[in-house]
Amino acid sequence: MKGKMVKLPPISALTALMVLMALSVAGVIVSPPGQAAAAAAPPWPTSAPALICGNADVLTGPSTPPAGAITVPAGDNEDFDFGQRGATYWFAPGVHTFGTGKYNHINVVENTTFIGGPGAIMDGRRLNKYAFVGDVANVTIKYLTIKNFGLDDPSDNRNFNEGVVNHDTAPNWTISYNTISNNDGAGIYIGSNNVVSYNCLKDNGQVGFGGYRPPVENDSSQKNLVLDHNEIVGNNTDDWESRVSGCGCTGGGKFWDVNGARVTNNYVHDNKGPGLWADTNNIDFLFEGNFIDRNDGEGIWYEISYNATMRNNTITRNAWESGRRNQGSPGPAIYLSESGGDSRLASTVSGAAAIRIYDNLIQDNFSGVSIFENADRFCNSNGNTSSGYCTPLVRPTQIPKPYDKTHANPINSSHPCYTSVENEPYLTDCRWHAKNIEVRNNEFRFDKTVVPCAGPFCGAQALIAAGLNDIPWSPYTAADVLNDVMFENNNKFHDNRYHGDWRFAKGYGDTVSFNSWRAAPFNQDVGSTFDGDAGGAPIRSSDLDEDTARLWTSMGKWQDWYSETATLSTDAAHGGRYGLRVEVTGGSGWGVGTSNWPGFRTTPGPKRIGLWGKLGSGTNLQPKMRVRWLDGGGTTLQTDDVTLPVLTGTWQEASALVDAPAGTATALVTLHGAGSTGSVVHLDDFTVGPASDTPPPDGPNLVDADTAGAGPTVGKWQSWYSADVAVSTQAAHSGTGSLGVTLTGGPGWGIALSNWPGFTAAAGDKLVSYWGRQGTGAVSGVTLRMKWFDAGQTLLKTDLVPLTALTAGWQQATGYVTAPEGTATVQLEFYGSSGTANDSVYLDDLLITDVA
């Protein structure tokens with residue numbers, strides 16, 4: 001490594017004890033609970049390996065100029081000559097400024113060194129954008145405090161996606177022993193053969209470090225990076241994710257298109273986003289000896305990348321914010337998104353053509369390790385956010401412009417990941433695969449009294465997939481990808497140690513117990529130990545057992561009833577490995593029953609029921625699922641049906657929100673349909689469970705099923721002004737109907753609840769969701785207003801969840817709100833300011849649920 005490595009001075013046993021006590025008081029986890037004093041030292045760090053910020057022993061430079069160095073006096077250095085190639089510049093103690101021009105900075109030349117004396121500060125004063133600029137090699141920067149670069153100007157981009165130090169991502173720089181803080185954008189940009197060590201990267205606007213160079217055809221844009229013994233803390237102070245929705249550009253630091261990186265012994269903590277993030281065609285990484293704590297997002301995120309080893313790290317208390325904010329994703333300590341091992345790519349640094357996660361302490365994060373793949377994310381698909389990039393295994397590796405950004409179309413129709421994507425090798429190599437991943441010999445600790453849990457993924461390991469199957473030319477289906485990720489891609493958890501009540505997410509996100517996780521068909525965590533609730537009830541979206549709902553290994557409880565033959569299908573599955581194939585053997589209707597009279601145990605209250613169907617052969621086939629709600633004596637209290645649309649060769653869903661009546665104890669489920677002898681239907685993914693989309697929130701819907709848009713009436717809705725509301729069978733997001741609102745005047749309209757002062761509610765965090773679409777005319781937006789009242793009907797608070805830019809397609813509005821202390825009821829109103837008489841809008845699937 002280039003540059004002098006400063007060792008911390010030796011400390012006495014008493015001092016060491018005081019340091020450990022201070023770390024414990026500060027909230028740093030020192031060692032796993034219950035570890036015996038005489039036990040061998042664990043392979044992960046038990047305290048922060050890089051306490052750099054404010055550490056004068058590390059950050060103080062030489063008090064006199066090195067031999068031959070040019071002294072830079074304190075004060076305004078705007079006119080100082082920094083253009084002498086091969087020179088060493090020593091910055092005298094004091095504050096150094098660079099005039100008032102926003103593009104005033106040091107234009108570096110090759111083979112130069114910049115060293116700070118004790119207390120030397122480069123201060124941009126919010127007048128200069130950058131500190132060190134120039135695409136030249138062999139530059140060294142040491143012992144400087146570099147702060148306040150970036151403009152206090154609302155019209156400026158605040159250095160978005162730009163670096164203050166090494167602005168041009170130049171090669172062969174050494175950046176060591178510096179404090180780089182309170183700057184806009186990235187504190188440091190890292191280029192090829194850069195060594196970044198023993199720095200304090202603190203409170204920068206976007207990331208502590210980053211780096212981008214334009215893509216290189218058939219190669220990586222950056223190579224051979226070292227990030228060692230840095231403290232990376234408090235970055236993303238400008239909250240760029242809220243400024244640029246979905247930018248994916250914030251946190252402690254981010255790598256992009258790098259081949260070969262050693263990320264070692266860093267203390268990465270309290271960043272407002274992920275800790276360490278490698279995104280898009282990163283290859284051959286080593287993450288070792290890092291202490292990653294209290295970041296709002298994931299501890300380590302490895303995304304559409306290859307070949308990495310993550311070992312001997314301490315990863316604690318991460319993703320508490322992101323996990324609660326996005327309950328449709330696990331919020332993991334380590335997130336492997338469409339990433340895996342491939343022997344055709346470099347593995348010198350990582351040590352294996354795989355992703356290996358071993359000998360780490362992973363404690364009290366929102367969840368554990370998440371292995372995920374989206375069927376829609378592949379080269380040349382608009383489901384891939386890195387739209388100009390292909391995998392490194394396909395030629396060309398860059399997708400040529402112009403780009404077509406229509407979701408259903410390829411980005412470029414001439415690229416082989418469109419013209420030949422159904423044929424090998426493109427069928428395999430156009431995808432980033434979650435494969436060849438090994439998670440072993442880790443210590444997983446989870447205390448649900450410490451972690452602020454919400455949703456189904458809190459405290460979960462995950463081996464999951466997703467995909468909407470809405471790209472018509474794609475050869476990949478969500479079911480195929482799910483089957484690969486879970487069963488075919490050599491992804492294994494084994495020989496881990498679990499402490500606490502962990503759950504294990506599989507499929508599309510349902511979670512199961514440790515015992516289920518270890519059993520067929522998953523067969524995970526062989527040799528692992530578990531001291532929590534190993535066999536507790538799954539947290540899942542269905543009251544049905546695994547095989548009856550998903551047909552993983554058998555037909556579950558399904559059995560022949562009349563005029564049909566039901567078999568386990570190996571050639572058609574919507575989710576999981578198999579589907580249910582039903583062949584009609586008579587012409588007067590058929591039925592499939594279940595063998596578990598009086599049905600599956602369940603509870604009263606709001607429920608979602610549903611299934612998926614696909615045509616095998618025949619015409620005009622429209623199967624339905626019937627749910628009979630029975631009391632404890634086997635008496636039928638209520639029957640609900642959900643009927644599929646006329647089946648086609650494409651999978652379709654039917655679902656509905658219903659209310660299981662008071663006294664419900666079990667649900668008896670049957671399937672019914674018509675068709676001539678020889679007709680075949682394929683059915684899969686049956687749901688009887690919580691009244692929310694998969695995965696479910698923690699609590700039931702505060703709104704009854706009819707008011708939510710799922711029933712035969714409008715529930716509690718009534719006209720408020722300039723609008724009529726009725727059940728519409730012309731459009732539905734789920735089930736067979738929705739709320740149809742027709743304007744009687746305009747502009748401006750509203751509907752409101754008739755059950756003043758509203759539905760019963762309680763204080764606390766809430767997840768709010770609903771769906772909307774245009775009908776006739778031009779209603780461009782709708783807003784849901786929630787008024788929270790106390791028991792005396794005093795208004796405590798009002799919250800709004802808007803849905804803007806409505807189109808003829810269904811769109812979802814979501815929000816997280818907090819009902820204040822003292823809340824007893826919630827009153828709801830839908831209203832809008834656009835449209836004229838006879839315009840219409842459809843609303844469906846309103847959900848307001850408690851978040852634990």
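Only heavy atoms go into these numbers, but all of them, side chains included; no hydrogens, no water, no symmetry mates.
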Please tell me whether W277 and E303 have a donor and an acceptor in their side chains that are separated by less than 3.5 angstrom. yes
Just checking K401: does its NZ atom have more than 12 heavy atoms from other residues, nucleotides or ligands closer to it than 6.0 angstrom? no
So F287 and Y302, would you call those rings parallel, tilted or perpendicular, with 30° and 60° as cut-offs? perpendicular
Between the main-chain N or O of S381 and the side-chain N or O of N384, is there a donor-acceptor pair closer than 3.5 Å? no
Students often mix this up, so state it plainly: with edges at 30° and 60°, are the rings of W473 and F378 parallel, tilted or perpendicular? perpendicular
Donor-acceptor pair, side chain of N166 and main chain of Y189, under 3.5 angstrom: yes
Ignoring hydrogens and angles, state whether a donor on the side chain of N365 or N318 is under 3.5 Å from an acceptor on the partner side chain. yes
Are R213 and D135 close enough for a salt bridge, meaning some N to O gap below 4.0 Å? yes
Check this for me: R262, atom CZ, are more than 12 non-hydrogen atoms of other residues, nucleotides or ligands nearer than 6.0 Å? no
Are a donor atom and an acceptor atom from the side chains of S350 and R356 found within less than 3.5 Å of each other? no
What I want to check is whether the side chains of N271 and N295 have a donor and an acceptor closer together than 3.5 Å. yes
N-O pairing of D342 and K435 below 4.0 Å: yes
Could you check Y389 against W432 for ring-ring contact (aromatic ring centres under 6.0 Å, His included), going step by step and ending with a plain yes or no? CA-CA 11 Å; Y389 288 79; W432 291 271; 8.6 Å; no
Report yes or no: do S769 and Q812 form a side-chain donor-acceptor pair below 3.5 Å? yes
Salt bridge present between R431 and D484 (N-O < 4.0 angstrom): no
According to the interplanar angle, ranging from 0 to 90°, do the rings of W810 and Y842 count as parallel (below 30°), tilted (30 to 60°) or perpendicular (above 60°)? tilted
For N380 and H415, test the side chains for any donor-to-acceptor distance below 3.5 angstrom and give the result as yes or no. no
Indicate whether any N or O donor in one side chain lies under 3.5 Å from an N or O acceptor in the other, for N183 and N159. no
Is Y212 atom OH crowded by more than 12 heavy atoms from other residues, nucleotides or ligands, each under 6.0 Å away? yes
Check ion pair D153-K102 (N to O, under 4.0 angstrom): no
Is there a disulfide between C430 and C417 in this structure (defined here as SG atoms under 2.5 Å apart)? yes
Looking only at the side chains, is there a donor atom on one of N409 and H407 sitting less than 3.5 Å from an acceptor on the other? no
How about Q206 and N161: does a side-chain donor come under 3.5 Å of a side-chain acceptor? yes
Between D257 and N281, do the side chains contain a donor N or O and an acceptor N or O under 3.5 Å apart? no
Where is the tightest heavy-atom contact between T397 and E217, given as atom of each residue plus distance? N-OE2, 2.7 Å
Donor + acceptor pair across side chains of T477, D480 (<3.5 Å): yes
Parallel, tilted or perpendicular: rings of Y130 and Y103 (30°, 60°): tilted
From I188 atom CD1 to T169 atom OG1, the distance as rounded to the nearest 0.5 Å: 12.0 Å
